[in-house]
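A quick write-up on the structure given underneath.
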Amino acid sequence: SYIIGCSVLLHNLIEIRCRSLSSENHVFSAMIMLPFLGVSLALLRHNWYPAQVFVGDTYCYFAGMTLAVVGISGHFSKTLLLFFIPQLINFVYSM
């Protein structure tokens, strides 16, 4: 989630810098991604060996909802699907 979040934030910053037609949407998307990245980084820090906190359903639902809202409100849902390809490969590989 942290890597995908960083990629989405980088995509938003590039689109804002290029002054695309939907740069206002990308600003809103970046504002949502910043707190999400903070939470994900804190969770990663506390989930490193030896783990003090374990990821549960709540964080997974929160991460999925946040990334879906960012993709829809930023009008780049097709681009966001490209960021999820490694996750899909990991899912198929684990089966």
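All values below were derived from every heavy atom in this structure, side-chain atoms included, with hydrogens, water molecules and symmetry-related copies excluded. Numbers for residues simply follow the sequence, beginning at 1.
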Problem - Enclosure of M65 CE (heavy-atom neighbours >12, cutoff 6.0 Å) - result: yes
Problem - Flag if over 12 foreign heavy atoms under 6.0 Å of CZ, F28 - result: no
Atom pair [atom1] ([X]) and [atom2] ([Y]), whose distance is rounded to the nearest 0.5 Å:
| X | Y | atom1 | atom2 | answer |
| --- | --- | --- | --- | --- |
| L67 | S77 | CG | OG | 12.5 Å |
| M95 | N90 | CE | CG | 12.0 Å |
| L13 | I16 | CG | CD1 | 5.5 Å |

Practice task
Describe, in one word, how the ring planes of H11 and F76 are oriented to each other, choosing from parallel (under 30°), tilted (30 to 60°) and perpendicular (over 60°).
Solution key: tilted
May I ask you to decide if [Y]'s main-chain N or O and [X]'s side chain share a donor-acceptor pair within less than 3.5 Å?
| X | Y | value |
| --- | --- | --- |
| S7 | I3 | yes |
| T66 | F62 | yes |
| N47 | L43 | no |

Validation row: [X], [Y] side chains within 4.5 angstrom (heavy atoms):
| X | Y | value |
| --- | --- | --- |
| L80 | F83 | yes |
| S73 | N25 | no |
| V92 | I89 | no |

Which heavy atom in [X] sits nearest to a heavy atom in [Y], and how many Å separate them?
| X | Y | answer |
| --- | --- | --- |
| F36 | G5 | CE2-CA, 4.5 Å |
| E15 | S23 | O-CB, 4.5 Å |
| G74 | S29 | CA-CB, 4.4 Å |

Is there a path of hydrophobic side-chain contacts, each under 4.5 Å between heavy atoms, that joins [X] and [Y]?
| X | Y | answer |
| --- | --- | --- |
| V39 | V55 | yes |
| V69 | Y2 | yes |
| I4 | L10 | no |
| L37 | F84 | yes |

Exercise for the section: Go through H26 and I14 one step at a time and tell me if the side chain to side chain contact (heavy atoms under 4.5 Å, CB included) criterion holds. Expected result: CA-CA 9 Å; H26 288 286; I14 290 171; over 6 Å; no
Practice task
Please say which of L9, V70, N12, V8 ends up in a side-chain contact (heavy atoms from CB on, under 4.5 Å) with I32.
Solution key: V70
